[in-house]
Amino acid sequence: MSPTLARLGLRTLIMGVLNVTPDSFSDGGLFSDHEAALRHAREMEDAGADIIDIGGESTRPGHTPVGAEEEQRRIIPVIRDLAGILNVPISIDTYRAATARAALAAGARIVNDIWGFQYDPDMAATVAEHRATAVVMHNRAEADPSLDLMVDMQRFFGRSLDLARRAGIPDTHLILDPGIGFGKTAEQNLEALRRLSELRAMGFPVLVGASRKSVLGRFYKPEVPPRDRLYGTMGAHLAAVSRGADIIRVHDVKAHVEACRVADILLRGQP
């Protein structure tokens with residue numbers, strides 16, 4: 001495990017989002033240019049990001065899937081170049097084992113899988129082979145307002161953890177993510193944040209990524225576009241930190257670094 005991840009539990013880690021896509025919900029197209037992507041990653045590191053999470057396919061609601069070849073064409077040159085200049089670990093945001101394998105070979109250290117090893121049957125083995133850390137996210141093909149969300153999460157993560165252990169991934173290399181904005185109703189997204197301490201009680205570090213998401217838009221009157229949801233995002237993330245979140249996945253790094261430093265002093269006794 002990298003020195004950065006070894007600090008899990010001591011303070012809140014900030015994962016900066018780098019979408020090298022033309023259609024991400026918040027910043028699609030801004031960093032699809034190679035030099036712009038490299039520059040933004042360095043800016044996030046300078047602002048205090050502990051991890052840079054790179055994605056080559058938008059997974060927003062209604063997104064158009066791209067093939068693995070196109071996904072890799074977008075991200076591998078960026079990962080390869082950043083691996084030589086960044087001092088923080090790189091995460092690859094993908095649910096495809098082939099893309100994860102290529103990204104890990106190019107220098108990534110973390111796999112952020114929005115389907116928690118349950119989409120691609122080769123994903124867990126790929127993570128194990130490279131001795132990588134993995135973020136295991138809860139997801140559903142569609143929202144079901146009638147289910148008990150935490151029961152569903154426990155079942156989902158039980159399957160994911162079984163796949164991880166069978167592949168030989170140590171528990172110490174696993175991080176859970178409640179999947180805000182994925183396969184949930186608006187109320188279930190809020191419930192996931194409110195009940196985060198129950199997920200934390202499973203004994204694994206927890207990552208939360210609510211940055212600029214539509215669940216927060218309902219609190220603005222009138223509603224605002226994703227890039228204008230910073231204050232709502234910070235409210236959700238600070239509430240998550242107070243309930244046990246260890247990593248926050250964000251677009252706005254500097255603001256979260258400063259806010260989480262204060263939260264950590266108050267909640268963890270850590271500067």
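Fair warning: this is a prediction, and the values are worked out from it, not measured in the lab.
Here the side chains of Arg195 and Leu199 are not in contact, with every heavy-atom distance at 4.5 Å or above. Taking the side chain as every heavy atom from C-beta outward, Met15 and Ile248 never approach each other to under 4.5 Å.
Using a 4.0 Å cut-off between charged nitrogen and carboxylate oxygen, Arg194 and Glu187 count as a salt-bridge pair. A salt bridge does not link Glu57 with Arg74: every distance from a Lys NZ or Arg NE/NH1/NH2 to an Asp or Glu carboxylate oxygen is 4.0 Å or more.
Val151 and Leu193 fall into different hydrophobic clusters, where Ile, Leu, Val, Met, Phe, Trp and Tyr residues are linked whenever their side-chain heavy atoms come under 4.5 Å apart, directly or through other members. In this structure, Leu238 is not a member of the same hydrophobic cluster as Ile265, with clusters built from ILVMFWY side-chain heavy atoms closer than 4.5 Å.
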Salt bridge (Lys or Arg N to Asp or Glu O under 4.0 Å) between Arg42 and Asp46, intermediate numbers included | CA-CA 6 Å; Arg42 291 194 299 266; Asp46 290 343; over 6 Å; no
Show your working on side chain to side chain donor-acceptor pair (under 3.5 Å) between Ser160 and Gln118 and close with a plain yes or no.
-> CA-CA 7 Å; Ser160 293; Gln118 297 183 41; 2.7 Å; yes
Asp144 vs Ser146, side chain to side chain donor-acceptor pair (under 3.5 Å): CA-CA, chis, key distance, verdict | CA-CA 5 Å; Asp144 178 357; Ser146 68; 2.6 Å; yes
Ser197 and Arg243: side chain to side chain donor-acceptor pair (under 3.5 Å), yes or no, with the steps?
-> CA-CA 5 Å; Ser197 58; Arg243 288 165 170 78; over 6 Å; no
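Distance alone, capped at 3.5 Å, is enough to place a donor-acceptor pair between the His173 side chain and the Ala132 backbone. Counting only distance, with no hydrogens or angles, the side chain of Asp264 and the backbone of Thr12 share a donor-acceptor pair below 3.5 Å.
Expressed to the nearest 0.5 Å, how far CD of Gln154 lies from NE2 of His138 amounts to 10.0 Å.
Of all non-hydrogen atoms in Met123 and Ala100, the two that sit nearest each other are SD-CB, 3.7 Å.
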